S.K.: 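Dumping the structure here so I can ask a few things about it.
Reminder, nothing fancy here: chain letters follow the sequence lines and each chain counts from 1. Note that the structure is a prediction, hence the values are computed from the model and not measured.
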There are 2 protein chains.
Amino acid sequence: MIGRNCIVRLSRYKNALYQFKKLGVVKIFSDNLAEAVNVTASQVRKDFSIFGISGNKRGGYQVEVLIEQLKDILGKNEVQKAVIVGAGNIGRALMNYTGFEKEGITIVAAFDIDPHKFNEQANVPIFGIDKLNSFISNNKITIGIIAVPAVAAQQVLDLMEHAGVKGVLNFAPISLRANNNIVVNNINLELELENLIYYINASARTKE
Amino acid sequence: MIGRNCIVRLSRYKNALYQFKKLGVVKIFSDNLAEAVNVTASQVRKDFSIFGISGNKRGGYQVEVLIEQLKDILGKNEVQKAVIVGAGNIGRALMNYTGFEKEGITIVAAFDIDPHKFNEQANVPIFGIDKLNSFISNNKITIGIIAVPAVAAQQVLDLMEHAGVKGVLNFAPISLRANNNIVVNNINLELELENLIYYINASARTKE
DNA sequence: CATATTTTGTGAAATATTTCACTAAACAAT
DNA sequence: ATTGTTTAGTGAAATATTTCACAAAATATG
Ligand SMILES: NC(=O)c1ccc[n+]([C@@H]2O[C@H](COP(=O)([O-])OP(=O)(O)OC[C@H]3O[C@@H](n4cnc5c(N)ncnc54)[C@H](O)[C@@H]3O)[C@@H](O)[C@H]2O)c1
Ligand SMILES: NC(=O)c1ccc[n+]([C@@H]2O[C@H](COP(=O)([O-])OP(=O)(O)OC[C@H]3O[C@@H](n4cnc5c(N)ncnc54)[C@H](O)[C@@H]3O)[C@@H](O)[C@H]2O)c1
């Protein structure tokens, strides 16, 4: 199985390629991409070779072709539907965000336990949590986003898993238990800040 | 220099330890922690050995002591002050979040370019971006959070860097250029979802 | 008190990841 | 055509990370 960092780099290459494309760049070399993504040129070539992506010696890679190949590997050639559970601060920020659409990800509905939050007419409708199971199976939703308080997160994950969700992005700062038929990625902002603080201090220490 | 994954694990150990402490657990063994964090017991011990954390053979580690040692390594024994730039969806979600305080991180102010967003009386006051520089230096802020649109992100980073911020958490989905006197951690949610999609598909492929 | 058991701490071994370095293809220049 | 230059592709080497496995310490047991 291919490591997460490698897949993250593929996403970064793709993003960099979008920028290059916007600037009118048509062909690109491994070292241009390397610089844009802050890795070595051989890393770029090795990553590509793992996935059988090839360019032309002395001619580099065609930007458009490369984007398509990366999108293909990353499973971006069909629109992905996601639901959010928890229409609080984070949940609403995500619902209002328009940037996922251009990445082929649509947030189709949200669910909450608090009736004050319900709003079936909103752009992203907010339903009661009791509707989650049928909504997911009727609409073949594969992605769930957990944006509820930590205490409720495991229970929401269990609901999602049972309903047939295949992957979960979890914002609650606790580690969740899941079967291995479901993929869970955690966004833990406390941890990210903590991590930042470590490296700030580490870098201050090195400088003395 | 010690890799990010190792530091991330330290944070996870600490979080797991808080849970154990809450349950009244006083001493703990490497395999308990390993299970809680989903790594091997020797990984736990190796991590600890890197930082000179030691327990007692057959007696394991004292939960309270271990928490303090980890907090110390992670630089959590003093309160850290952070500012947000960009009082939009994400910026406001972070301002309203009370969970950072218990981690010793205080969001002391936010800054925006749009006068409609200004609110100097709010719990977390929102000022004009022109006040950023003096606020950071007067208040010795070390952490900046970028929550502005991608096009403005580099410019905000430059302002922060110039003002003396040492570490930045960036929510804009682009790669930023910084000197190496400043640490930048990126939270790229598009990328995280993309990554999730890759592994969902990969796991579907494996199962056939 | 002696013996058995548990669990740490850590070199060594095993894996995984990244970088090196070189071959060969593609193209340009003459 | 010939020669030179550039750059992809890739095994091999170098590094980094994780796991193994075992000696030594701490504690329990009889
Ligand atoms: N807001 C942030 O900036 C931030 C930062 C870091 C982490 N987080 C984490 O993200 C999660 C959400 O944070 P938030 O600030 O949006 O919280 P919030 O309290 O604003 O929103 C949580 C929402 O979840 C709903 N909810 C609670 N239990 C539920 C259940 N069982 N089923 C369905 N809905 C339920 C609540 O009604 C509420 O609307 C939390 O775990 C938090 O720790 C948030
Ligand atoms: N909202 C989300 O869920 C979400 C998800 C993924 C990524 N992001 C990223 O996070 C960032 C913020 O997203 P958002 O949804 O909060 O955007 P938003 O448009 O709601 O808010 C951006 C804020 O930044 C302010 N701003 C713009 N230029 C500025 C400048 N030069 N100086 C100071 N303030 C400035 C705007 O006035 C606005 O208040 C974006 O880069 C976005 O791509 C957001």
S.K.: Mind telling me whether B/Phe51 and A/Tyr198 have parallel, tilted or perpendicular rings, with 30° and 60° as the class edges?
M.R.: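 Ring orientation, 0 to 90° scale: perpendicular.
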S.K.: Nearest whole angstrom, please: distance from the P of C/dT10 to the CZ of B/Phe51.
M.R.: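 In whole Å, C/dT10 P and B/Phe51 CZ are 14 Å from each other.
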S.K.: May I have the distance from B/Lys46 (atom NZ) to C/dT7 (atom C1'), rounded to whole angstrom?
M.R.: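 For the pair B/Lys46 NZ and C/dT7 C1', the rounded distance is 16 Å.
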S.K.: At under 4.0 Å, does any side-chain N or O of B/Ser30 touch on OP1 or OP2 of C/dT8?
M.R.: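 Looking at the OP1 and OP2 atoms of C/dT8, one of them is under 4.0 Å from a side-chain N or O of B/Ser30.
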S.K.: Would you call B/Glu161 and B/Lys166 a salt bridge, using N to O less than 4.0 angstrom?
M.R.: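 Salt bridge between B/Glu161 and B/Lys166, a charged N being under 4.0 Å from a carboxylate O: no.
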S.K.: Hey, can you tell me if B/Phe111 and B/Phe135 have their rings parallel, tilted or perpendicular (30° and 60° cut-offs)?
M.R.: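 Perpendicular, since the angle between the ring planes exceeds 60°.
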S.K.: Which part of the nucleic acid, if any, lies within reach of B/Thr40 when heavy atoms closer than 4.0 Å are counted: base, sugar-phosphate only, or nothing?
M.R.: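 B/Thr40: backbone/sugar contact only, no base atoms under 4.0 Å.
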S.K.: Is the shortest heavy-atom distance from the side chain of B/Val83 to the side chain of B/Ile143 under 4.5 Å?
M.R.: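 Answer no - side chains too far apart.
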S.K.: In this structure, how many angstroms lie between the C1' atom of D/dT15 and the CD1 atom of B/Ile2, rounded?
M.R.: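 Rounded to the whole Å, the gap is 16 Å.
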S.K.: Are any of the side-chain heavy atoms of B/Val8 and A/Leu191 separated by less than 4.5 Å?
M.R.: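 Touching, per the 4.5 Å side-chain cut-off.
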S.K.: Is B/Gln43 close enough to D/dT19 that one of its side-chain N or O atoms is under 4.0 Å from OP1 or OP2 there?
M.R.: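 Yes.
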S.K.: It should be established whether A/Tyr61 places a side-chain nitrogen or oxygen under 4.0 Å from OP1 or OP2 of nucleotide C/dA26.
M.R.: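 Checking C/dA26 against A/Tyr61, no side-chain N or O comes under 4.0 Å of OP1 or OP2.
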S.K.: Report the distance from atom CG of B/Leu33 to atom P of C/dG9, rounded to the nearest whole Å.
M.R.: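 These atoms are roughly 12 Å apart.
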S.K.: For this output row, return yes or no: ring centroids of B/Phe48 and B/Tyr13 closer than 6.0 angstrom.
M.R.: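 Ring centroids of B/Phe48 and B/Tyr13 are less than 6.0 Å from each other.
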S.K.: Rounded off to whole Å, could you give me the CG-to-C1' distance for the B/Asn32 and C/dT6 pair?
M.R.: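 Answer to the nearest Å: 13 Å.
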S.K.: Encode nucleotides 22-30 of chain D as B, S and - characters from 5' to 3', where the letter depends on protein heavy atoms closer than 4.0 Å: B to the base, S only to sugar-phosphate, - to neither.
M.R.: --BBBBS--
S.K.: From CD1 of B/Ile7 over to C1' of D/dA16, roughly how many Å is that when rounded to an integer?
M.R.: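 Whole-Å distance recorded here is 15 Å.
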S.K.: Got A/Leu169 and B/Leu193 here, is their nearest side-chain heavy-atom distance under 4.5 Å?
M.R.: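 With C-beta onward as the side chain, the pair touches.
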S.K.: Take the protein atom CD1 of B/Ile50 and the nucleotide atom C1' of C/dT8, then report the distance between them rounded to whole Å.
M.R.: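 My rounded result for the distance is 15 Å.
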S.K.: Regarding B/Phe48, tell me which of base, sugar-phosphate or nothing describes its non-hydrogen contacts under 4.0 Å with the strands shown.
M.R.: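 Since no nucleic acid heavy atom lies under 4.0 Å of B/Phe48, the category is nothing.
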S.K.: With heavy atoms under 4.0 Å as the rule, sort A/Ser42 into base, sugar-phosphate or nothing.
M.R.: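 Base: the residue A/Ser42, judged by heavy atoms under 4.0 Å, touches a nucleobase.
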S.K.: Pick the nucleotide of DNA chain D nearest each of A/Asp31 and B/Asn5; which residue has the one closer to the 5' end?
M.R.: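 It is A/Asp31 whose nearest nucleotide is closer to the 5' end.
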S.K.: Rounded to whole angstrom units, what separation is found between the CG atom of B/Asp47 and the P atom of D/dA16?
M.R.: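 Roughly 17 Å, once rounded to whole Å.
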